[in-house]
Every structure is written in structure tokens, then in C-alpha cells.
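Single-structure report; data block below.
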2 protein chains.
Amino acid sequence: MIIRMSRAPHHPTRDQIELPLLLDCLSDPIRLAIVYSLAKQEQPAEMRCGDFNALSGKSNLAYHFARLREAGLIQTRIAGTTRFMRLRRDDLELRFPGLLDSIIAAAARDAERLQLPDCEIVTEG
Amino acid sequence: MIIRMSRAPHHPTRDQIELPLLLDCLSDPIRLAIVYSLAKQEQPAEMRCGDFNALSGKSNLAYHFARLREAGLIQTRIAGTTRFMRLRRDDLELRFPGLLDSIIAAAARDAERLQLPDCEIVTEG
DNA sequence: CACATTGTTCAATAGTCGTTGAACTAGTGA
DNA sequence: TCACTAGTTCAACGACTATTGAACAATGTG
């Protein structure tokens, strides 16, 4: 599980998404919470990094975002000084049909136990 | 993620099965291969530890079996000098409906890439 | 009994993970 | 220009992981 964090977001192509890496990514409570929040989001289903500040410190979140990107779970779009992330739903569904949905459903069942955010995230405005 | 390996198999009850622990367990290629093999097995779907000797050394397998047990994925039955393990399908299905199946399906898609055993395991007879 | 088989437990190892804080880059706006 | 904001990168740390081999227990067989 080599992680290359430096230089360029390096999103893997759909075919490069690896099952063990994906599962490992979602086995971390913070990353699961991030993915869960993105999954519950309405269209266009984009969120900023700052929306997750309640979960951990900024530098720690940057680490988790990088892992989620490397695993192919999220994609990052840079707009000015903020980055917008969205779940790669279509790619994941094509690569492993039904997998993401069943994991999200499992997480939803344990929302309290996993202390998942209620997803009514205030966009401070 | 504290692991307590010593003394007694310590299978968690169905409700004690934790999603992050389960995903972490299946994110390891060896453990995924073990679970995959058990899932593909016909009734009564039991296999011996020795059936997995091709995957790694015995002591390393014992370590992985312990993790699978602690996560609630498998159950061990001792008969004489051999141990029979089976997937806790029913418990897992009740706890997280559809989850195990979709992970197995995803693994099956990548069977070659993951170098999963062909599951026609010779029981040496 | 001696001896092989099955699998676990223990100790030690190198490598990786998640977390922290400080330093840094890059837009935004006064 | 100076300051503020958003987020990344870096270095360091303690904790955990997977792996190995040797020692151990327990069962079965001659």
C-alpha cells in the first residue's frame, strides 16, 4: 500500500481502482464519515474541505483526502482557494456494482455508533 | 483497533460486529482470499486451516484467522486436532444486509488481479 | 511409549498508519 | 501593499500491522 502524496492529485482511472485499497480506505472512521457525507449530499454533491473541519484538524483531513483520492473514491476540483470534492459514484458503480451503496447503507445503519455527521452541514452563510 | 488474540476464540455477538473492523479485515488480500474461498464453498461450507496453506505460512494464517474471528467474519469449530471454519453468513446478512455479497461479488470480478484461489481446493483424499 | 500432524502462541522485525503542529503556498480582499 | 483565508506539505511521534521462525499444546497413530 504505497502512498504517493506529493505533486498533483493523481486520481486513478476507473480500472485502476483496487478493491483492497478501497476497503482499507473506508475502514477508517473519519474517511467513512467523509464518504458518507458526500453520498448523502444532494446534487451537485460537492463539498468543500472546510465542511469537514468538525471531524479533525486541517492537516489530518488533508491526509485523509489524499488517501481517498488515491483510492479512487473522490475527485477534487480546485476553484480559487477552495477545493470541491465529490464521490466518484459512476466510476465506482461501474467498477464494483452495488458495492458502495451497500457500504453506505451499512454505515447508515450504524450512523449513531459511528458518530456520522447528520449531514445537515452548515455552509456558513 | 485493539486486538486481543490470547485465550479463547472470542467470537463477537452479531450486534458487536463493527463495520470499520469488518472492512479493515477484508482489505487484506490474504483475509479476503480466505473469506472468498469460504463464500464459494458448497454446504456445509466448512474448511480447515490447512486448506489455506498455499496462501501463507501457518503462523501467519493463525494470525489472520484470529483477526477474522475478532471481526465476526468467521466462526471456528474444533474437532480433534483440526479446526473447521465457516463464514458467519447469516449473522452478517442480518447485521449489514447485502454487504458481504457485494464485497464477494466485487472480489470475484477481480479474481485474477487479486490472485484469489480457484476454490477447487483439494481436500487431499 | 515415541512420533508425526494440526494449529496456536510468543518474540522480534521492518514497515506503515493516523495524528500533531509548524511552515508553506496560493487566492481574496482591504 | 498587508493581512486573511483555505488548504497542503513536512517532520516527527507513538502505535499498530503483517510476517517470520522457534517453541508449544493437543490430538491421533505406529
Side-chain angles (χ1 to χ4, degrees), chain A residues 1-11 18 20-34 46-71 74-85 115 121-125, chain B residues 1-11 18 20-34 46-71 74-85 121 123-125:
Chain A
M1 199 174 303
I2 293 109
I3 309 281
R4 192 146 306 292
M5 285 196 39
S6 43
R7 309 280 161 251
H10 186 242
H11 298 91
E18 301 277 358
L21 210 46
L22 187 151
L23 296 176
D24 182 67
C25 239
L26 295 176
S27 74
D28 180 275
I30 290 185
R31 291 193 292 262
L32 183 59
I34 293 171
E46 279 188 325
M47 294 180 83
R48 308 175 320 180
C49 297
D51 291 332
F52 301 100
N53 283 343
L55 294 176
S56 184
K58 281 161 68 165
S59 70
N60 184 234
L61 285 178
Y63 164 74
H64 288 301
F65 291 142
R67 298 219 41 186
L68 287 167
R69 253 186 278 114
E70 302 263 350
I74 66 174
Q75 192 159 37
T76 305
R77 178 175 66 89
I78 302 180
T81 160
T82 86
R83 282 119 204 265
F84 290 97
M85 16 216 12
Q115 302 193 80
I121 286 160
V122 186
T123 322
E124 176 201 323
Chain B
M1 201 175 307
I2 292 107
I3 310 280
R4 193 145 308 290
M5 286 194 41
S6 43
R7 307 281 160 254
H10 187 240
H11 298 91
E18 301 276 358
L21 210 46
L22 187 151
L23 296 176
D24 183 67
C25 240
L26 295 176
S27 74
D28 181 276
I30 290 184
R31 291 193 292 262
L32 183 59
I34 292 170
E46 279 188 325
M47 295 180 82
R48 307 175 320 180
C49 296
D51 291 332
F52 301 99
N53 283 343
L55 295 176
S56 184
K58 280 161 67 166
S59 69
N60 184 233
L61 285 178
Y63 163 74
H64 287 301
F65 291 142
R67 296 220 41 184
L68 287 167
R69 252 185 280 112
E70 302 264 350
I74 66 174
Q75 191 158 38
T76 304
R77 178 174 65 90
I78 301 179
T81 161
T82 85
R83 281 121 205 264
F84 291 96
M85 18 219 7
I121 286 159
T123 324
E124 174 199 325

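Sequence lines set the chain letters: A, B, ... in the order given, protein chains first and strands last, and positions in each chain run from 1.
- In this entry the distance linking CE of B:Met47 with C1' of C:dT6 reads 16 Å, nearest Å.
- Going from atom CZ of A:Phe52 over to atom P of D:dA6 covers 15 Å, rounded to whole Å.
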Could you go through A:Asn53 and A:Lys58, starting from their C-alpha distance and side-chain angles, then the distance that decides it, and tell me whether this counts as side chain to side chain contact (heavy atoms under 4.5 Å, CB included)? CA-CA 7 Å; A:Asn53 283 343; A:Lys58 281 161 68 165; 3.8 Å; yes
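- A:Asn53 has its CG atom 8 Å from the P atom of D:dA6, to the nearest Å.
- For the residue pair B:Arg31 and B:Arg67, the shortest heavy atom distance occurs at NH1-CD, 3.7 Å.
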N/O to N/O distances under 3.5 Å, protein versus nucleotides 20-27 of chain C:
from, atom 1, to, atom 2, distance (Å)
C:dG21, N7, A:Ser59, OG, 3.4
C:dG21, O6, A:Ser59, OG, 3.1

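- A:Arg83 places no side-chain N or O within 3.5 Å of a backbone atom of A:Thr76 that could act as its donor or acceptor partner.
- What you find for B:Ile30 and B:Ser56 is that their closest heavy atoms are CD1-CB, 3.9 Å.
- For B:Met85 against B:Cys49, the heavy-atom pair with the smallest separation is SD-SG, 3.7 Å.
- Computed from coordinates, the B:Arg77 CZ to C:dT6 C1' distance equals 15 Å when rounded to whole Å.
- For A:Arg31, a side-chain nitrogen or oxygen approaches OP1 or OP2 of C:dG18 to under 4.0 Å.
- Checking side-chain atoms of B:Asp51 against main-chain N and O of B:Arg48 turns up a donor-acceptor pair under 3.5 Å.
- In this structure, A:Leu21 atom CG and C:dT16 atom P are separated by 13 Å, rounded to whole Å.
- The CZ-C1' distance, from B:Phe84 to D:dT27, rounds to 13 Å in whole Å.
- An OP1 or OP2 oxygen of C:dG18 is reached within less than 4.0 angstrom by a side-chain nitrogen or oxygen of A:Arg67.
- Taking atom CZ of residue B:Phe65 and atom P of nucleotide C:dT8, one finds them 7 Å apart after rounding to whole Å.
- When all heavy atoms of B:Asp28 and B:His64 are compared, the closest pair comes out as OD1-CE1, 3.6 Å.
- The side chain of B:His64 lies closest to D:dT19 when the candidates are D:dT8, D:dG7, D:dT19.
- We find that OH of A:Tyr63 is positioned 17 Å from C1' of D:dG7, with the value rounded to whole Å.
- Out of D:dA6, C:dT8, C:dT19, the shortest distance to the side chain of A:Lys58 is found at D:dA6.
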